[in-house]
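Heads up, the thing below is written out as structure tokens.
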Amino acid sequence: MIDVQEVGRTFTIRRRTGLLRRERRVVHAVQNLSFTVRAGEFVGYLGPNGAGKSTTIKMLTGILAPSSGRIQVAGLDPARRRTALARRIGVVFGQRTTLWWDLPLRDSFELIRHLYKVDRVAFRRRLDELTELLTLGEFLRTPVRQLSLGQRMRGDITAALLHDPRVLVLDEPTIGLDVVSKAAMRGFLRKLNAERGTTVLLTTHDMGDIEKLCDRVMLIDNGRLAFEGGIDDLRATAPEETSIEDVVARLYARGAPAAGQRQARGQ
Amino acid sequence: MSAELRYPAKATSRGRPRNQVAHGPRSRHDGTLVRNPPCAVAPARAPGEAVFQLYARIAWYGFRRYSAYRAAALAGAFTNTVFGILRAYVLIALWQARPGLAGYDVADAVTFCFLTQAFIGPMQLFGGGLGMAERIRSGDAAIDLLRPASLQGWLLADDLGRALYLFLLRSIPPTIVGALLFGLVFPSSAATWAAFAVSMLLGIVVSFGLRYLVDLSACWILDDRGTAQVSLVLSLFFSGMVVPLNIMPGWLGTATNALPWAAMVQVPADVFLGKITVTDALTFQAGWAAVTLALGAVITRAARRKVVIQGG
């Protein structure tokens, strides 16, 4: 469903070093990255801040074109077929919202229906189903600006699923949620994956998400794939550690020397 | 088509039993995900119609979005009216001293003054971006770029909705007050009214075209406040908002009347007053609308290519 082959992405950063002199520096946000996500898988995508996760997601969704290599998502080259791809995938950025601030939630969904050309009957059925599962009923008519973070996030997940995408890309969907909301969100995602067969790629810093949801974990550091395997394989990298946080922290620490470089990359 | 959209069967073997999580308040709802037949079936309608529906809806939502700020619009209308009255007295004094200046008599000049006040809202003469610069700065632009729609078309539709709302709340009240206090000159024929409506619409499109360019400049310079300031000064002066452009002498008059900003105030006002040939006026405005939109489209493409989306 997602196929990434030897992908690299470089950014050129220009910096003033003198009155007129400028320094050009090439930063490799992602280099020689290859991985595959099969249909129906639930894969976690981990990495420290600035490791290249967001860059990867932007390339997978077609916002950013890779500098080298080849990407296929749902059978399409994202950068070339961005619009066609948008109709096949759903994307949620936990820190941003697709919803319209001043409009009732329901109206945002209606706009998305037109945007994705979802037929009216299918839309109704889908929205009813999601309303039930995510208990949106009580705030469907509330303007988005008045929603709590948990409500807004449920609204955003719904917005990403209205056109019934085959692939769902989630960028920190549980960030800032309380334990109850988080549990509800996880329960929903698991159900979506198990019962509907939606392929999910999830980036998160919450190890609970990873433990409770993912079949497989990929860990990126310094723009390269540093680990790939099941949760048990992940634990096996540091058997002496008891918590998954510590295991992952160890893996992150291995790539630590380039911490300074990492910061520049976060831009 | 349907075969392609069907969900692949879920891989059944899971290596590891999952920890059960309490569903919290959700658990009382016994919702299950029903495996639907594939939806997202393309509508039977012509694609053109579907696209029109989408943009019509965006425009309608733009209208509604602005209607959330009714108090702001009414306060704007009040300010526009008060300043209209102040400026009207200044212009009356000027035209009494110099009758026939710029081909206007006193009544024309006062009408011009109230028209410019009426244009402030819909044409956003005092600046007022499309919100895109802020979204580029914060990185929310990533979401706009994800949508399967033209960014420019989207924002234009939204802006037309906004303009219609502000037209109702900020253009009509000052005009009524002006007419009651000073007796404005109104077009006598329906044809002139129709021409004025088209002219005003084109003016709004030109205004959008220019503001879109200012907003997108944030892609390169990270902050549009500088360009917005420059744009504000240019649009106030060169549109005819401060003084009618016809007053300007010689080449300055010719130049200012040829620039895009004239399409926002001077030209529609002259259509209203019947001081310009309608076809010339509309051709001029349509030309600038086309140029600014085309330039915007080119820059959108460039921005897509270079885009560095801020923040993780």
Side-chain angles (χ1 to χ4, degrees), chain A residues 11 38-41 49-50 54 58 61 63-65 83 86-87 91 93 95-98 100 102-103 107 110-111 114-119 122-123 125-126 129 132-133 135 143 163-164 166 180-181 183-184 186-188 190-198 211-212 215 230-232 266-267, chain B residues 4-5 7-11 14-16 18-27 29-44 47 50 53-55 57-58 61 64-69 138-143 145-149 154 304-305 307-312:
Chain A
F11 291 106
R38 287 186 309 278
E41 263 192 305
N49 298 122
S54 290
K58 280 165 196 162
T61 50
I63 302 174
L64 211 58
T83 312
R87 296 188 203 285
V91 185
F93 291 108
Q95 312 207 41
R96 312 191 187 289
T97 181
T98 31
W100 280 263
D102 296 315
L103 293 176
D107 289 4
E110 195 62 41
L111 250 185
H114 283 270
L115 190 54
Y116 287 88
K117 301 197 175 78
V118 180
D119 121 292
F123 168 78
R125 193 177 48 215
R126 192 99 177 105
E129 190 180 301
E132 164 107 14
L133 278 165
T135 50
H163 61 291
D164 212 353
R166 288 186 274 174
V180 176
S181 305
R186 286 175 188 158
F188 171 77
R190 189 166 42 231
K191 200 171 203 131
L192 180 81
N193 173 252
E195 291 175 14
R196 211 170 174 87
T198 306
E211 272 191 296
K212 291 185 173 117
D215 304 326
I231 304 285
D232 297 335
Q267 299 303 303
Chain B
E4 193 193 335
L5 284 170
Y7 283 98
K10 166 79 183 131
R14 291 186 163 263
R16 188 178 58 85
R18 290 170 180 284
N19 303 2
Q20 283 305 307
V21 189
H23 282 206
R26 241 167 40 77
S27 52
H29 292 263
D30 187 33
T32 46
L33 273 164
V34 185
R35 200 174 284 256
N36 287 334
C39 78
V41 178
Q53 268 206 346
L54 169 66
Y55 288 111
R57 189 164 282 267
I58 295 168
Y61 282 177
R64 299 225 348 247
R65 238 152 41 81
Y66 266 82
S67 61
Y69 303 103
S138 71
D140 285 347
I143 287 187
L145 294 176
L146 269 175
R147 292 188 172 130
W154 179 287
R304 265 196 198 286
R305 230 174 300 128
V307 78
V308 179
I309 290 145
Q310 316 287 321

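Just so it is clear, the structure is predicted and the values come from calculations on it, not from any experiment. In the text below, chain A, chain B and the rest are named by the order of the sequence lines, each starting its count at 1. Just so you know, these numbers use all the heavy atoms, side chains as well, and skip hydrogens, waters and symmetry mates.
Taking chain A as the reference chain and counting heavy-atom pairs below 4.5 Å, the highest number among A149(B), P148(B), S67(B) is found for P148(B).
Annotation: side-chain hydrogen bond (donor to acceptor under 3.5 Å, both in side chains) contacts of Y61(B) (sequence neighbours excluded): R57(B). For D102(A), the side-chain hydrogen bond (donor to acceptor under 3.5 Å, both in side chains) test picks out R145(A), Y69(B), with sequence neighbours left out.
The shortest distance between side-chain heavy atoms of L145(B) and K58(A) does not fall below 4.5 Å.
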CA sep, side-chain torsions, deciding dist, call: R147(B), T98(A), side chain to side chain contact (heavy atoms under 4.5 Å, CB included): CA-CA 9 Å; R147(B) 292 188 172 130; T98(A) 31; 3.8 Å; yes
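Of the inter-residue distances, the one linking T97(A) atom OG1 with I143(B) atom CD1 reads 6.0 Å to the nearest 0.5 angstrom.
L54(B) approaches L111(A) most closely through the heavy-atom pair CD1-O, 4.3 Å.
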